[in-house]
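Residue numbers start from 1 in every chain, and the chains themselves are labelled A, B, ... in the order their sequence lines are given, proteins ahead of strands.
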2 protein chains.
Amino acid sequence: MARQRAIYQRIADELRADITAGTLREDMRLPTEAELAQRWKTSRATAVQGLKVLVNEGLIVADRPRGYFVRKRRPMVYRPQAEFRIPEPDADIFRQRIADEQDSREPSQKIEVAISSPSKTVQRRLHIDAKTAVAVRRRMRSIDGDPFNLNDSHVPLSLVEGTDWMSPEDVPRGTNRVLAELGYEIIHSVDEIMVRMPTPEESSRLALGPGTPVAEHIVTGYARRDGRETPVQVTVNILPGDRHVIIYDRVREGESA
Amino acid sequence: MARQRAIYQRIADELRADITAGTLREDMRLPTEAELAQRWKTSRATAVQGLKVLVNEGLIVADRPRGYFVRKRRPMVYRPQAEFRIPEPDADIFRQRIADEQDSREPSQKIEVAISSPSKTVQRRLHIDAKTAVAVRRRMRSIDGDPFNLNDSHVPLSLVEGTDWMSPEDVPRGTNRVLAELGYEIIHSVDEIMVRMPTPEESSRLALGPGTPVAEHIVTGYARRDGRETPVQVTVNILPGDRHVIIYDRVREGESA
DNA sequence: CATTACACATTGACTAGTCAATGCACGGCC
DNA sequence: GGCCGTGCATTGACTAGTCAATGTGTAATG
């Protein structure tokens, strides 16, 4: 016979079942630690251990000292491909959101531009070494004050020095348009998506609860120079798992997709 | 002045810094709970709490009773688009892997075919209700005995009843080819990618350590019937975050991408 | 009536232990 | 030399508490 399942596991199992079955619905309050301890005839520490399991699964949050609550998940649509379709890439996600849902919440973004030495990630993708300076355009996009993604674009400094690309303001025609005007039109992109737990820095910048994974979406943009495809821009997006669905459209015709 | 950071947080911070700085490398052993407790002049429970933080971040694993070890992350390439390019979609990921790395480890898959009532997820995407039976083709793909993804395809039963699609064996020419032969060639797909923590069932089926998020990759395939695009197949892939990078290629030409 | 002060319930951090399960190294035995 | 048993270090589960921080509702106060 299989070994007895631990008490804290059984507590977690029962509560999880209640959540998936709908007995416990979004935003509803869970029993307190003390109540659970009593009901299962165990110590508070064990009840806490059970609750922590669900916290780490991203199913509940502790709102101290009000209690534990079932977490709500309202993902918004994120379409990497949109930037190839609509003139103003930057505005797109917001439009998407506003189109999808009627609620006209306040979108906002904070832009920061810096010059720095490229990280390993950027070096490899731009085919440059650590000594080649890059311009970095960091954006944090929020809705109603709630941050919902981080977006850092990296371009070799020599390509964009002194241009609008480096303006720490919104560029209405889009930074990709700026690159195109400079002779670096992005004609091909490679998207990489990795899934992991956030670093503490990401966690605090995005105000993530524990148990919230992120998708790291890296877009390498290639332009044609001297008849060859050359990488010109690497954009790293950090998307909280509880706030996004990433969508791609693929068609068979044309061998692309 | 900001409130004092908790001891367990500081323990986690220090160890995390050692890992990202490379002082603690992959597969290296961490100090024991007792050592940490002593070094920080605290109780074992607090040291454990600090280690748990890193476990839940997916940075370390506890291998009882040998100790805690820095986790290794060896993602393999996953290309959803490949199935539109190479005749045998099923074989592709394996080929990819074998091409990328020389190590010829043993790929294998377990296939199961069932008839069932569609889940909400499938209903919505196939435009059917719970009363319409679907054929489900479940695959678990492994390398060297290590499971690395789950892949469940759903098709309305009426389309594939009695065909090769329902054979619980590998279909060398690919199940999408079978669909095409039946007059349901998939000409358009929509990919959705969601990021979340695994359910306990996924966790055990894929042998996931704690702190490992998954990507849920849902592909809805559309075929042309009577001049209209109709959804014919929904495939749900569960990809462990520590074992995958999802890659998409996008080109500007042809308005697709 | 409105505003403030306070008690309370609840989670967060922590202490100081106990007992169980289990790889692993080492010593003894054939 | 090879096999086996045993002890040990280490993590897993758990007990039974303490003190601190903090929203919330209630009671006291002007």
Exercise. May I ask you to list the residues of residues 32-57 of chain A, by number, that have any heavy atom positioned under 4.0 Å from an atom of DNA chain C?
Key: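 Contacts with DNA chain C under 4.0 Å: A:T32, A:E33, A:R44.
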Exercise. Could you label the plane-to-plane angle of the B:Y248 and A:Y248 rings as parallel, tilted or perpendicular, counting under 30° as parallel and over 60° as perpendicular?
Key: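 Answer is parallel, since the angle falls under 30°.
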Quiz item: OH of B:Y68 to OG1 of B:T32: how many Å apart, nearest 0.5 Å?
Solution: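 Rounded to the nearest 0.5 Å, the OH-OG1 separation comes to 9.5 Å.
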Under 4.0 Å between a side-chain N/O of [X] and OP1 or OP2 of [N], yes or no?
{"X": "B:R66", "N": "C:dC24", "result": "yes"}
{"X": "A:Y68", "N": "C:dA9", "result": "no"}
{"X": "A:Y8", "N": "D:dA13", "result": "yes"}

Between atom [atom1] in [X] and atom [atom2] in [N], what is the gap in whole Å?
{"X": "A:R10", "N": "D:dA13", "atom1": "CZ", "atom2": "C1'", "value": "12 Å"}
{"X": "A:R64", "N": "C:dT11", "atom1": "CZ", "atom2": "P", "value": "11 Å"}
{"X": "A:D63", "N": "C:dA9", "atom1": "CG", "atom2": "P", "value": "18 Å"}

Do the side chains of [Y] and [X] get nearer than 4.5 Å, heavy atoms only?
{"X": "A:P213", "Y": "A:M197", "result": "yes"}
{"X": "B:L30", "Y": "B:V70", "result": "yes"}
{"X": "B:V195", "Y": "A:L239", "result": "no"}

Quiz prompt | Upstream residue (5' side of DNA chain D) when A:I7 and A:P65 are each assigned their closest nucleotide | solution =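 Closer to the 5' end of DNA chain D: A:I7.
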Self-check item: Pairs where residues 190-200 of chain B contributes a residue and the test salt bridge (Lys or Arg N to Asp or Glu O under 4.0 Å) is met, not counting sequence neighbours
Solution: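 Listed by first then second residue: A:R250-B:D191, B:R125-B:E192, B:R196-B:E202, B:R196-B:E216.
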